[in-house]
*Asks:* 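First the structure, which I've put down as structure tokens, then a few questions once you've had a look.
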Amino acid sequence: MIQVRGIKKSFGSLEVLKGIDLDIEQGKIVSIVGPSGAGKTTLLQIMGTLDKPDCGSVVFSLSGGEGRGEASVDIMKLSDAKRSTFRNKHMGFVFQFHQLLPEFTALENVMMPALIGGTSKREARKRAEELLAFMGLTDRASHKPNELSGGEKQRVAVARALVNKPDVVFADEPSGSLDTHNKEELHRLFFDLRDQMGQTFVIVTHDEQLAALADQKVSMKDGLITESE
């Protein structure tokens, strides 16, 4: 579904990515592991169009629906506006710290990407309510982030990432700020979403348990992929 080829990225004289090739299949959980400074987050941000490489390509193969086959899109060749639209429609994001908007309720936070994407308020609300129910958070829908536990905030963040039915969810240390119990619950949620919704995840993590359970484990060191299994 995602084909990464020849991705290089430098910040000044520091070469962070030195030529990355990677294939990610639809409906899989892919973990990216490695020491700090290996280039994991930079690679994730480039795949998610949040940063641009110095060279290389990131190609998404998307189902055209209704027998139209697949369409391939090199996101590096899109204009900034089209890349932003593509990101909203096809990608979801979960970060280490939930990044929920404090002035909005859990339900409103989940609805936000759908409203930005042009979905009607009625449809956005319906989808958000369904996702919060799946997360076991129906009774927390009207609560603001400061009224939620750490685990609840991250589940709301996952629901927000899913509201536009993205092809892939990119997650950067999603359980890094959670205690052991909430971490295990969040990891279980990822696999439930894969099994029940066919959701694809690409997860940067230092959590060895999560990395070992993933369908594909990608190891990085010094800006290179050292192993993919």
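For clarity, every value in this text was computed on a predicted model and none was experimentally measured.
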*Asks:* May I ask you to decide if Asp21's main-chain N or O and Gln3's side chain share a donor-acceptor pair within less than 3.5 Å?
*Replies:* no

*Asks:* More than 12 heavy atoms of other residues, nucleotides or ligands under 6.0 Å from CD of Glu25: is that the case?
*Replies:* no

*Asks:* Among Val110, Leu131, Val94, Val169, which residue meets the side chain to side chain contact (heavy atoms under 4.5 Å, CB included) test with Val158?
*Replies:* Val94

*Asks:* Do the non-hydrogen side-chain atoms of Glu129 and Thr138 ever get within less than 4.5 Å of each other?
*Replies:* no

*Asks:* So that I can tick it off, tell me whether Arg125 and Glu108 are bridged by a salt bridge, with the cut-off set at under 4.0 angstrom between side-chain N and carboxylate O.
*Replies:* no

*Asks:* For Thr49 and Arg87, test the side chains for any donor-to-acceptor distance below 3.5 angstrom and give the result as yes or no.
*Replies:* yes

*Asks:* How many angstroms lie between atom CG of Leu186 and atom CG of Leu210, to the nearest 0.5 angstrom?
*Replies:* 8.5 Å

*Asks:* Would a 4.5 Å heavy-atom cut-off, applied to side chains only, mark Asn146 and Pro102 as touching?
*Replies:* no

*Asks:* So how far is it from Leu17 CG to Ile46 CD1, rounded to the nearest 0.5 Å?
*Replies:* 5.0 Å

*Asks:* Measuring only between side-chain heavy atoms, which start at C-beta, is Met47 closer than 4.5 Å to Met91?
*Replies:* no

*Asks:* Hey, are Asp207 and Lys183 close enough for a salt bridge, meaning a charged N less than 4.0 Å from a carboxylate O?
*Replies:* yes

*Asks:* Would you say Val202 and Val59 are hydrophobically clustered, going by side-chain heavy atoms of ILVMFWY under 4.5 Å?
*Replies:* no

*Asks:* If you apply the rule side-chain contact (heavy atoms from CB on, under 4.5 Å), what do you find for Thr42 with Phe11, and how did you get there?
*Replies:* CA-CA 11 Å; Thr42 301; Phe11 296 100; 4.2 Å; yes

*Asks:* Which distance, rounded to the nearest 0.5 Å, do you find between the CG of Asp51 and the NZ of Lys9?
*Replies:* 4.0 Å

*Asks:* Does Leu148 share a hydrophobic cluster with Met112, counting links as ILVMFWY side-chain heavy atoms below 4.5 Å and allowing steps through other members?
*Replies:* no

*Asks:* Does the side-chain contact (heavy atoms from CB on, under 4.5 Å) test come out yes or no for Lys89 and Asn164, once each step is laid out?
*Replies:* CA-CA 6 Å; Lys89 184 176 180 181; Asn164 283 341; over 6 Å; no

*Asks:* Counting heavy atoms not belonging to Lys82, are there more than 12 under 6.0 Å from its NZ?
*Replies:* no

*Asks:* Between the side chains of Gln209 and His187, does any donor sit under 3.5 Å from an acceptor?
*Replies:* no

*Asks:* Any Lys/Arg nitrogen of Asp23 or Lys28 sitting under 4.0 Å from an Asp/Glu carboxylate oxygen of the other?
*Replies:* no

*Asks:* Go through it in stages, so that I can follow the logic: the residues are Lys165 and Arg127, the test is side-chain contact (heavy atoms from CB on, under 4.5 Å), and I'd like the CA-CA distance, side-chain angles, deciding distance and then a yes or no.
*Replies:* CA-CA 9 Å; Lys165 300 181 181 179; Arg127 173 70 174 159; 3.3 Å; yes

*Asks:* Between Asp80 and Lys52, does at least one N-O distance fall below 4.0 Å, as a salt bridge requires?
*Replies:* yes

*Asks:* Is Phe104 linked to Met135 within one hydrophobic cluster, defined over Ile, Leu, Val, Met, Phe, Trp and Tyr using a side-chain heavy-atom separation of less than 4.5 Å?
*Replies:* no

*Asks:* Looking only at the side chains, is there a donor atom on one of Thr41 and Asp172 sitting less than 3.5 Å from an acceptor on the other?
*Replies:* yes

*Asks:* Mind checking the CZ-CG spacing from Phe191 to Leu193? Nearest 0.5 Å is all I need.
*Replies:* 11.0 Å

*Asks:* How far apart are the closest heavy atoms of Asn109 and Pro145, and which atoms are they?
*Replies:* ND2-CG, 4.1 Å

*Asks:* Quick check against the 3.5 Å criterion: does Glu152 have a side-chain atom that pairs as donor or acceptor with the backbone of Ser149?
*Replies:* yes

*Asks:* Is a side-chain donor or acceptor of Thr105 paired with a backbone partner of Ser142 at a separation under 3.5 angstrom?
*Replies:* no

*Asks:* Answer yes if Leu22 and Val33 sit in the same cluster of Ile, Leu, Val, Met, Phe, Trp and Tyr residues linked by side chain heavy atoms under 4.5 Å apart, and no otherwise.
*Replies:* no

*Asks:* Show, in sequence, the C-alpha distance, side-chain angles and deciding distance for Glu173 and Lys40, and conclude whether the salt bridge (charged side-chain N to carboxylate O under 4.0 Å, His left out) test is met.
*Replies:* CA-CA 10 Å; Glu173 296 288 357; Lys40 306 182 301 295; 5.6 Å; no

*Asks:* Membership question, hydrophobic clusters at under 4.5 Å side-chain separation (ILVMFWY): are Leu101 and Leu162 in the same one?
*Replies:* no

*Asks:* Could you check whether any side-chain N or O of Thr226 sits under 3.5 Å from a backbone N or O of Ser219, counting only pairs where one atom can act as donor and the other as acceptor?
*Replies:* yes

*Asks:* So, for Gly19 and Leu224, which heavy atoms are closest and what is the spacing to 0.1 Å?
*Replies:* O-CD2, 4.2 Å

*Asks:* Please work out whether the ring planes of His90 and Phe86 are parallel, tilted or perpendicular, with thresholds of 30° and 60°.
*Replies:* tilted

*Asks:* How long is the span from the CG atom in Asp167 to the CD atom in Gln199, to the nearest 0.5 Å?
*Replies:* 8.0 Å

*Asks:* Roughly how far apart are Ser57 OG and Met76 CE, rounded to 0.5 Å?
*Replies:* 8.5 Å

*Asks:* Determine whether Leu189 and Phe134 satisfy the following criterion, side-chain contact (heavy atoms from CB on, under 4.5 Å), listing intermediate values before the conclusion.
*Replies:* CA-CA 10 Å; Leu189 175 61; Phe134 186 89; 3.9 Å; yes

*Asks:* With the side chain counted from C-beta on, respond yes when Arg160 and Pro113 share a heavy-atom pair under 4.5 Å apart, and no when they do not.
*Replies:* yes

*Asks:* Hey, does Val30 have a side-chain heavy atom less than 4.5 Å from the side chain of Phe201?
*Replies:* no

